[in-house]
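In the text below, chain A, chain B and the rest are named by the order of the sequence lines, each starting its count at 1.
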Amino acid sequence: MGELTAPVLPRSFFDRPVLDVAPQLLGAILVHGDVAVRLTEVEAYDGANDPASHAFRGRTARNAVMFGPPGHAYVYFTYGMHFCVNLVCGEQGRAAAVLLRAGKVVAGVEHARKRRPTGPDRDLARGPARLTKALDVDRALDGADVCDPRSPLRIVEGDRVPSEALRVGPRVGISAAADRPWRWWLDGDPTVSAYRPHTPRRRRP
DNA sequence: TTCGAGATCGGCT
DNA sequence: GCCGATCTCGAAG
């Protein structure tokens, strides 16, 4: 139950280059309502300098939050059925953000199970869309200030992660700049999503 | 265990 | 129209 009341990360934590922030988010805890998830896998996206970023082609209504101040959540809808959540990093206007890819449910497991009745608990937040499902995060939380202790969606301090437990590698599910090693995860953690290289979809006949 | 296709729709070219 | 920062299920190896 301590996860739900732990202190939020300060905004200064996010007001730094995204490549510094991303690996340090591992072990931190995302809280929404009665559910808390300890992050085990993240990816960095660097705004206008990153062809794989939603912000690469400039500001739109959808990605506007990324261009705002750090420490806010960018929630988007994709594949006609999934939500994913990012945390905005770096100087305002750079539009850098960290995609939260996976984690372990450390509080409110019974609520998360209700939303995903089948499968083992370690799969509850294993993958970016599963993570938002476990936490019941959707479009309504786009722009939420995760550094505000009164915010419904917030990021709080977790345990310290030893640097030797960090692993780094290529990002998942993207076609552009797929070679950049901007994905970090906790070595050997069962809640880390399985790596699948990007495969272009074919249209049905 | 690995692979591929279907689901499903908003955003952008 | 086209395609996606995904997930699931079923078929094949």
Side-chain angles (χ1 to χ4, degrees), chain A residues 14 18-19 21-23 25-26 30 37 39-67 72-90 94-105 112-144 146 153 167-185 190-205:
Chain A
F14 292 98
V18 66
L19 297 186
V21 175
L25 273 172
L26 295 175
L30 189 66
V37 168
L39 302 177
T40 59
E41 182 184 1
V42 299
E43 279 178 1
Y45 288 85
D46 195 15
N49 309 300
D50 181 2
S53 170
H54 287 177
F56 184 59
R57 291 166 212 287
R59 177 177 178 147
T60 67
R62 176 170 73 148
N63 66 25
V65 171
M66 294 182 92
F67 289 82
H72 290 251
Y74 164 51
V75 180
Y76 69 91
F77 180 69
T78 191
Y79 288 102
M81 60 193 97
H82 299 307
F83 291 99
C84 296
V85 60
N86 296 249
L87 302 181
V88 179
C89 291
R94 189 185 178 94
V98 177
L99 170 68
L100 309 184
R101 284 199 56 88
K104 176 187 180 177
V105 177
R113 278 198 204 112
K114 251 181 271 174
R115 298 172 195 134
R116 180 177 302 286
T118 61
D121 284 355
R122 64 153 194 281
D123 285 354
L124 286 171
R126 190 182 193 219
R130 290 165 164 178
L131 184 145
T132 58
K133 185 85 170 178
L135 285 162
D136 196 25
V137 166
D138 65 14
R139 208 191 310 279
L141 291 166
D142 187 35
V146 298
L153 180 68
R167 290 297 178 272
V168 65
R171 295 179 289 183
V172 175
I174 56 169
S175 51
D179 54 313
R180 298 188 192 181
W182 286 1
R183 167 179 172 253
W184 290 265
W185 67 93
T191 65
V192 172
S193 70
Y195 175 72
R196 298 184 207 72
H198 173 77
T199 50
R201 286 182 35 193
R202 270 184 310 210
R203 248 192 21 160
R204 60 171 281 183

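- The ring of Phe77(A) does not lie on top of the base of dG10(B); it is either too far (5.5 Å or more) or too tilted (30° or more).
- Summarising the geometry, atom CG belonging to Leu135(A) is positioned 9.5 Å from atom CG belonging to Leu141(A); distances are rounded to the nearest 0.5 Å.
- The residues Glu43(A) and Arg101(A) are annotated as salt-bridged, a charged nitrogen and a carboxylate oxygen being separated by less than 4.0 angstrom.
- Spacing between atom CZ of Phe83(A) and atom C1' of dG11(B) amounts to 14 Å, rounded to whole angstrom units.
- Scanning all heavy atoms of the two residues, the minimum distance from Gly103(A) to Leu131(A) falls at N-CD1, 4.0 Å.
- Whole-Å rounding puts the Glu41(A) CD to dT6(C) C1' distance at 13 Å.
- What separates CE of Met81(A) from C1' of dA5(B) is a distance of 12 Å, to the nearest Å.
- Side chain Tyr79(A) to base dA7(B): no donor-acceptor pair is found below 3.5 Å.
- DNA chain B is contacted by both Thr78(A) and Thr199(A); Thr199(A) maps to the nucleotide lying nearer its 5′ end (nearest heavy atom per residue).
- Of the two residues contacting DNA chain C, namely Val85(A) and Arg196(A), the nearest-nucleotide position lying further toward the 5' end is that of Val85(A).
- Atom NE2 in His82(A) sits roughly 19 Å away from atom P in dC3(C) (whole-Å rounding).
- Contact annotation: Arg101(A) side-chain N/O to dT6(C) OP1/OP2 distance is under 4.0 Å.
- Remark: Arg62(A) pairs with no residue by the salt bridge (charged side-chain N to carboxylate O under 4.0 Å, His left out) rule, at least two apart or across chains.
- For the OP1/OP2 pair of dT6(C) and a distance below 4.0 Å, the side-chain nitrogens and oxygens of Arg171(A) include no atom meeting the criterion.
- Atom-to-atom, CZ of Arg126(A) to C1' of dT6(C) comes out at 14 Å; the value is rounded to the nearest Å.
- Annotation for Val21(A) and Phe14(A): closest pair CG1-CD2, 4.1 Å, computed over non-hydrogen atoms.
- Every pair passing salt bridge (Lys or Arg N to Asp or Glu O under 4.0 Å) that includes a residue from residues 125-135 of chain A is listed here, sequence neighbours excluded: Asp123(A)-Arg126(A).
- Residue contacts for Arg183(A): at a heavy-atom cut-off of 4.0 Å it reaches no nucleic acid atom on any strand shown.
- Residues forming a side chain to side chain donor-acceptor pair (under 3.5 Å) with Thr40(A) (at least two apart in sequence, or on another chain): Thr191(A).
- In this structure, the separation between CD1 on Ile174(A) and OH on Tyr45(A) is 4.5 Å, given to the nearest 0.5 Å.
- Residue side chain Tyr45(A) meets the stacking definition with respect to dA5(C): its ring centre sits within less than 5.5 angstrom of the base's six-membered ring centre, and the planes differ by less than 30 degrees.
- With respect to Arg183(A), the side-chain contact (heavy atoms from CB on, under 4.5 Å) criterion is satisfied by exactly one of Val192(A), Leu99(A), Val168(A): Val192(A).
- Remark: Asp121(A) engages Arg113(A) in a salt bridge (charged side-chain N to carboxylate O under 4.0 Å, His left out) (not counting sequence neighbours).
- Separating the CG atom of Asp179(A) from the P atom of dA5(C) is a distance of 16 Å, rounded to the nearest angstrom.
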Handout entry: Pair assignment for DNA chain B - dot-bracket with | for other-strand partners, Watson-Crick or G-U under 3.5 Å
Key = |||||||.||||.
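- For the pair Tyr195(A) OH and dA5(C) C1', the interatomic distance rounds to 12 Å; values are reported in whole Å.
- Computed from coordinates, the Tyr76(A) OH to dC3(C) P distance equals 18 Å when rounded to whole Å.
- Listed candidates were dG11(B), dG4(C), dA5(C). Nearest to the side chain of Arg139(A) is dG11(B).
- Near-neighbour residues of DNA chain B inside residues 48-64 of chain A, defined by a heavy atom below 4.0 Å, number-ordered: Arg57(A), Thr60(A), Arg62(A).
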